[in-house]
J.: 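Structure below; questions to follow.
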Amino acid sequence: MAESMSASVPVPVPASASAPAPASESASSASASKPEPSADPGTARHPRGAWKGIREGAARVDAATPAERDRAVDALRAFAILGVVLGHWLVTALVADGDGVGLHTASPLQHMPWLAPISWIFQTLAVFFLVGGHVATRGYASARARGTTYGQWLRSRLSRLFKPVAAVLTLWTVASVLLLVSGTDTATIHTLLKLALSPLWFLLVFAALTAATPLLRRLHPLWPLAVVLHVDLLRFGFGAPDRLGWVNVAAGWLVPYTLGAAWTRGELERRRAGWILMAGGAVSTAALVAWAGYPASMVGVPGAGISNLNPPTLAAVTFGLAQCGLALLLREPLRGAMRRPLAWAAVAVVNLSAMTIFLWHQTALMATTATLLPTGHLAGLHTVPDHLGWVAARLAWLPVLALALAVCWAAFRVYEQGGRSGRRRGRSRIVRAHRPSDRAAATGVRRA
């Protein structure tokens, strides 16, 4: 889940996890230019001094960002990542077993299906693949223009995608061994591992689509959409085996990815395209849910016969089209909002840490739940999510979960940013360090 838009913009990710892709312009956004020393160190501790420091830091990030960068792309990626995180935290519950030792997963959507609209807000993977397709195709074209080979380009993009994975796998390998040795039942260990490693499926799909970018640059989104339609028709209409649905793992996410390629080709610049995608996707999804028997929830629900997400169904894909249409319509408002230094600095920070946030947010949830388990069954954390009181309690827990994720971010972000030496040699794709002459030139470009 970030490159200069003249070449390519970071993924996401998850994904790049959109995780952002490798960098090209300079050091990290936080260290793009050195802060000016404060006249009085004591003022930094004062709230006004701290706020002034934040604003000055945001102004430096804003000034160090290439003038040609499309900040709306980064904003969409950041919103997609945060949507996934908040969605998981709101619909995933680790319920304490009767003995108070084991844990099993549950969901408020399982007990209160009328809360399904929550999943419409936070299931934002389609936007992530839209941005990823746009970034990858634009970056590949720019790389080829510079004489970069396909292998060099692909290694550059995938290295930042997978470097942070090693830390996750190492930690959970050690944790699993310790849990087994301590006598934790295997069902609980399986539950924890499944949640912790579930984000990796996204990376594998995204990596495969990224590797196929040269072949997908001209693919029309209707082709993968037709594949999804026929797979669902065979599964639900003619009784084909459910395993056929796994074809949609590739075909379903190819739809927004190839829409991103169409964006790069300039085919989605008119607002009309956004309106058509949003309205057509919304109407199609409503029809599929109302008359074709598809679930209303756009995420998986424990115990449900059909999941819209695992594997993706036609309803999930048409819903993704509506989301992509809305994202395209929001480009201009986001470009305006991102001219504000504070807003842009926040988006830049999320993009530079997108992979870390994506990979560790489930671990933050589980660490908080397991750490507090000995204190008793806390509402919104260990209890069954079968009433609105649980939802209110979970909302109150969100700051604690965010704090746990911040600890993970502080501990493991170095793996995403290329190691500690990356602070000197690494290059951020969002900002670049300017010499005074560069800064003046950039200011001239913006004024022009």
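Everything numeric here is computed off the predicted structure, so don't read it as measured data.
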J.: So do V384 and H111 actually touch side chain to side chain, heavy atoms under 4.5 Å?
T.: yes
J.: Please list all pairs passing the side-chain hydrogen bond (donor to acceptor under 3.5 Å, both in side chains) test where one or both residues lie in residues 120-130, with sequence neighbours left out.
T.: none
J.: What residue pairs, at least two apart or across chains, pass ring-ring contact (aromatic ring centres under 6.0 Å, His included) with a residue in residues 173-192?
T.: none
J.: Looking at I189 and T184, what are the two nearest heavy atoms and their distance?
T.: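 Result for this residue pair: CD1-O, 3.8 Å.
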J.: Could you note down all residue pairs passing side-chain hydrogen bond (donor to acceptor under 3.5 Å, both in side chains) where residues 321-339 supplies at least one of them, sequence neighbours left out?
T.: D70-R335, E332-R335
J.: Without placing hydrogens or testing angles, list every side-chain donor-acceptor pair under 3.5 Å for residues 165-173, not counting sequence neighbours.
T.:
{"from": "T170", "atom 1": "OG1", "to": "A166", "atom 2": "O", "distance (Å)": "2.8"}
{"from": "W172", "atom 1": "NE1", "to": "T363", "atom 2": "OG1", "distance (Å)": "3.0"}
{"from": "T173", "atom 1": "OG1", "to": "L169", "atom 2": "O", "distance (Å)": "2.6"}

J.: Indicate whether any N or O donor in one side chain lies under 3.5 Å from an N or O acceptor in the other, for W409 and T356.
T.: no
J.: Give a yes or no answer on whether the side chain of D185 reaches the backbone of T188 with a donor-acceptor pair at less than 3.5 Å.
T.: yes
J.: Check the angle between the aromatic planes of W263 and H134 and answer parallel, tilted or perpendicular using the 30° and 60° thresholds.
T.: parallel
J.: Once side-chain contact (heavy atoms from CB on, under 4.5 Å) is applied, do any residues pair with V205, and if so which ones, sequence neighbours excluded?
T.: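 side-chain contact (heavy atoms from CB on, under 4.5 Å) list for V205, sorted by chain: F129, W201, L209, V249, W253.
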J.: Under the side chain to side chain donor-acceptor pair (under 3.5 Å) test, which residues partner S119, sequence neighbours left out?
T.: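 Per chain and number, S119 pairs via side chain to side chain donor-acceptor pair (under 3.5 Å) with no residue.
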J.: Please report, to 0.1 Å, the donor-acceptor pairs under 3.5 Å made by any side chain of residues 290-312, with sequence neighbours excluded.
T.:
{"from": "Y294", "atom 1": "OH", "to": "D232", "atom 2": "OD2", "distance (Å)": "2.8"}
{"from": "S297", "atom 1": "OG", "to": "V299", "atom 2": "N", "distance (Å)": "3.3"}
{"from": "S297", "atom 1": "OG", "to": "V299", "atom 2": "O", "distance (Å)": "2.9"}
{"from": "S307", "atom 1": "OG", "to": "L309", "atom 2": "N", "distance (Å)": "3.2"}
{"from": "S307", "atom 1": "OG", "to": "N310", "atom 2": "N", "distance (Å)": "3.1"}
{"from": "N308", "atom 1": "OD1", "to": "T313", "atom 2": "OG1", "distance (Å)": "2.6"}
{"from": "N308", "atom 1": "ND2", "to": "P295", "atom 2": "O", "distance (Å)": "2.7"}
{"from": "N308", "atom 1": "ND2", "to": "S297", "atom 2": "O", "distance (Å)": "2.8"}

J.: Any non-hydrogen side-chain atom of L359 less than 4.5 Å from a side-chain atom of F412?
T.: no
J.: Do P341 and R55 touch side chain to side chain, with heavy atoms closer than 4.5 Å?
T.: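 When only atoms from C-beta onward are counted, R55 and P341 do not touch, as no gap falls below 4.5 Å.
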J.: I'd like a table of donor-acceptor pairs (distance under 3.5 Å, sequence neighbours excluded) in which one partner is a side-chain atom from residues 81-96, with atom names and distances.
T.:
{"from": "H88", "atom 1": "ND1", "to": "H361", "atom 2": "NE2", "distance (Å)": "2.7"}
{"from": "W89", "atom 1": "NE1", "to": "H361", "atom 2": "O", "distance (Å)": "3.1"}
{"from": "T92", "atom 1": "OG1", "to": "H88", "atom 2": "O", "distance (Å)": "2.9"}

J.: Output yes when D62 and R340 qualify as a salt bridge under the 4.0 Å nitrogen-oxygen rule, no when they do not.
T.: no
J.: The criterion is side chain to side chain donor-acceptor pair (under 3.5 Å); which residues satisfy it with H387, sequence neighbours excluded?
T.: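 H387: no side chain to side chain donor-acceptor pair (under 3.5 Å) contacts found.
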J.: Side chains of residues 271-286: which donor-acceptor pairs under 3.5 Å do they make with residues two or more places apart or in other chains?
T.:
{"from": "R271", "atom 1": "NH1", "to": "L329", "atom 2": "O", "distance (Å)": "3.3"}
{"from": "S284", "atom 1": "OG", "to": "G280", "atom 2": "O", "distance (Å)": "2.8"}
{"from": "T285", "atom 1": "OG1", "to": "G281", "atom 2": "O", "distance (Å)": "2.7"}
{"from": "T285", "atom 1": "OG1", "to": "T318", "atom 2": "OG1", "distance (Å)": "2.8"}
{"from": "T285", "atom 1": "OG1", "to": "F319", "atom 2": "N", "distance (Å)": "3.0"}

J.: Return the set of residues passing side chain to side chain donor-acceptor pair (under 3.5 Å) with R265 (not counting sequence neighbours), or none when no residue passes.
T.: E267
J.: For a 4.5 angstrom cut-off between non-hydrogen side-chain atoms, does L225 reach L314?
T.: yes
J.: If the condition is side-chain contact (heavy atoms from CB on, under 4.5 Å), which residues does L378 pass it with, not counting sequence neighbours?
T.: L372, T375, L381, H382, W397
